[in-house]
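Each chain gets a letter, A, B and so on, in the order its sequence line appears, and its residues count up from 1. Just so you know, these numbers use all the heavy atoms, side chains as well, and skip hydrogens, waters and symmetry mates.
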Amino acid sequence: MNNYEKIKEVINRSGIIATDVSKELFKLSLSERENAIFDVAIASYLLEPSLGNHSLSKMSLKYLSRPFPSLPKNPSEDELSGCVSLRASILLALYPILKEELDRRELGRIYYNVELPLSSVLARMEERGVLVDTEFFKEEGKRLKKELQGYEERIYKLAGMKFNLNSPKQLSYILFEKLGLPKIKRTKTGVSTNQEVLEKLVPYHEIVELLLQYRETEKIRSTYIDALPELVENGRVRTKWCQTTTATGRLSSIKPNLQNIPPTVREGFVAPPDWVLLSSDYSQIELRIVASLSGDKNLKEAFERNEDIHTRTAALVLGIPEELVGKKEREMAKMINFGIIYGMGAYGLSRRLGISVEDANLFINAYFRTYPGVKEWVENTVREATEKGYTTTILGRKRYFESVKGADIRAAINAPVQGSAADMIKVAMVNIDKALSNKKSGMIIQVHDELVLEVTEDELTEVSDIVKREMERAVSLGVPVVCDIKVGKNWGRMEKLEKNSHGLHRLN
DNA sequence: GAGCTCACG
DNA sequence: ACGTACGTGAGCTCC
Ligand SMILES: [Mg+2]
């Protein structure tokens, strides 16, 4: 037996306790069964998701009151083995403590049924990576560079001098001192020049419109077009899917972050010849979860009607027929629907709708009269968070709060919604991965309410059925759940996939 | 490394 | 009693 085989044999016979590296073990095929692994980082994450960092040194101090030994520089063989075995002993000691704590707080289920199996799914997503059209990035880079040079020249001319356009400090000097524009909002260190401020300054000076365009283009160029190709290896980027980072239960993604790619840049993520990309996204999942958690009759019924939820909301709130709901009314309802998910108050709504706080209050009151169950749910959630010190999702994931005041009130309202949506798509991912285990196709990206898969053309019909079914039935909400499926040769240009009368899929 | 800004859901 | 909409990651400037 070589070392690899020895290690594999031990792991699958005795089990292994690891941290943060369960994905690596799966990648190396070192683990043949999930229950051969206990990942202390994932356990610690479920126990304290707001911690952000579940390093062994933190866990060791917290649960064992023991420092985590650091490796000396240029260690001797003895020092090395001493340190490593000390570290291993810490892992070993953490295992029973974390396991018992998971059970005590009823987090064992979500650990064993969702998070642990998910870590192997994420491992496979990392291994597969995403194919990148480097030519697209090259050409787009050239085009944006030219476009930016045009903005720069005109901006310098209007400013009467050259300056560093990427420096908010210098820009603020130009706008508010040199050109004398009104100061709208301040930051900790000076005067804000953010997009919201610039939009208000547009009528004052023609430089502002150019600045907005420059900012938008420069963002795309610097963050995406220039940075992404640096991370391509053998034609693919392999993001790291972070499973123990967010306070709510969502995933995050780094190097590169594939969860904030703008539509224009999505074109650069492509399928190989004879493959397509398939994207399936939940429709209004967070609001459906609000309907489910609150049990509000009217909100549930609104979804059962399968009409546009914002239009329906506007009609109910304003007491008018849906045919009379115009753009403005729908926009207002959409704002409140979103606002609810974020725990927004009258002040926030008034600012976003450009109306008075009094009017915003009227709308919110009318909204809660329409959906009284939602109002009750919000109040109960905040009360529970205060009394128990945590909020809970549909699968029992918890987020802890020390005292629920200020911004924490809103976070406490949002956490069960955002977290339940995360629970749901995670379950879907585990089930889809299982259903695709004997296929060539596989998942490559998750963006909170969207899954992207790389699919061979011959598997398209079957895979799209699996994805849609597993996403919609991942967790039973008692409210209809709908996913829309799109297909294309790249992530940017996709067409809706519809079922025709023969049950066959076709591209429109 | 902090602060600002901004991309996504 | 609210610094007044939640959750992320990353590039850039400046100290
Ligand atoms: Mg969606």
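Rounded to an integer number of Å, the gap from A:Lys426 NZ to C:dG7 C1' is 13 Å. Rounded to an integer number of Å, the gap from CG of A:Leu148 to P of C:dG11 is 17 Å. Rounded to whole Å, atom C1' of C:dT13 lies 13 Å from atom CG of A:Leu171. Going from atom CG of A:Leu51 over to atom P of C:dG7 covers 16 Å, rounded to whole Å. Here C:dG9 presents its C1' atom at 13 Å from CG of A:Leu231, a figure rounded to the nearest Å. Distance A:Phe163 CZ to C:dT13 P: 13 Å, rounded to the nearest Å. When the P atom of C:dG7 is taken as reference, atom CD1 of A:Ile413 falls 11 Å away, rounded to whole Å. Note: CG (A:Leu228) to P (C:dG11) measures 9 Å, nearest angstrom.
Straight-line distance between the C1' atoms of C:dC2 and B:dA7: roughly 28 Å, to the nearest whole Å. The gap from the P atom of C:dT4 to that of B:dG3 amounts to 15 Å, rounded to the nearest Å.
One finds no side-chain N or O of A:Thr248 lying less than 4.0 angstrom from the OP1 or OP2 phosphate oxygen of C:dG7. Distances shorter than 4.0 Å separate some side-chain N or O of A:Arg352 from OP1 or OP2 on C:dA5.
Across all strands shown, A:Ala421 has no heavy atoms under 4.0 Å from either base or sugar-phosphate atoms. Using a 4.0 Å heavy-atom distance criterion, A:Ile341 is classed as making no nucleic acid contact. Counting any heavy atom pair closer than 4.0 Å across all strands shown, A:Arg399 reaches sugar-phosphate atoms only and no base atom. Contact annotation for A:Ala415: no contact, since no heavy-atom pair falls under 4.0 Å across all strands.
A salt bridge is defined here as a Lys NZ or Arg NE, NH1 or NH2 lying under 4.0 Å from an Asp or Glu carboxylate O, and A:Lys183 with A:Glu177 meets this definition.
With sequence neighbours left out, the salt bridge (Lys or Arg N to Asp or Glu O under 4.0 Å) criterion links A:Arg410 to no other residue. Evaluation of the salt bridge (Lys or Arg N to Asp or Glu O under 4.0 Å) rule for A:Lys169 yields no partner, not counting sequence neighbours.
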**OP:** Whenever both distances are under 3.5 Å in a Watson-Crick or G-U wobble pair, mark it; put DNA chain C into dot-bracket that way, with [ ] for crossing pairs and | when the partner is on another strand.
**Re:** .....|||||||||.
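A side-chain N or O of A:Thr393 and one of A:Asp423 form a donor-acceptor pair less than 3.5 Å apart. A donor-acceptor contact under 3.5 angstrom links the side chains of A:Ser253 and A:Thr239, judged on distance only. No side-chain N or O of A:Tyr282 forms a donor-acceptor pair with one of A:Asp484 less than 3.5 Å apart. Between the side chains of A:Thr193 and A:Arg215, at least one donor-acceptor pair of N or O atoms lies under 3.5 Å.
The stretch residues 384-393 of chain A participates, sequence neighbours left out, in these salt bridge (Lys or Arg N to Asp or Glu O under 4.0 Å) pairs: A:Glu384-A:Lys388.
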Original post:
Which letters describe nucleotides 2-9 of chain B, given B = protein heavy atom under 4.0 Å from base, S = only from sugar-phosphate, - = neither?
Top reply: -SSSBBSB
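Comparing A:Ile409 and A:Gly339, the nucleotide of DNA chain C nearest to each residue sits closer to the 5' end for A:Ile409.
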List, one per line, each side-chain donor-acceptor pair under 3.5 Å for residues 444-452 of chain A, sequence neighbours excluded.
unit_1	atom_1	unit_2	atom_2	d
A:Gln446	OE1	A:Gln259	NE2	3.0
A:Gln446	OE1	A:His448	N	2.9
A:Glu450	OE1	A:Arg266	NH1	3.4
A:Glu450	OE2	A:Ser279	OG	2.7
A:Glu450	OE2	A:Trp491	NE1	3.2

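When each of C:dT8, C:dA10, C:dT4 is scored by its nearest atom to the side-chain atoms of A:Ile254, the top-ranked nucleotide is C:dA10. Comparing C:dT13, C:dC6, C:dG9 by their nearest atom to the side chain of A:Asn164 picks out C:dT13.
Taking the six-membered ring for Trp, A:Phe163 and A:Tyr156 have ring centres closer than 6.0 Å.
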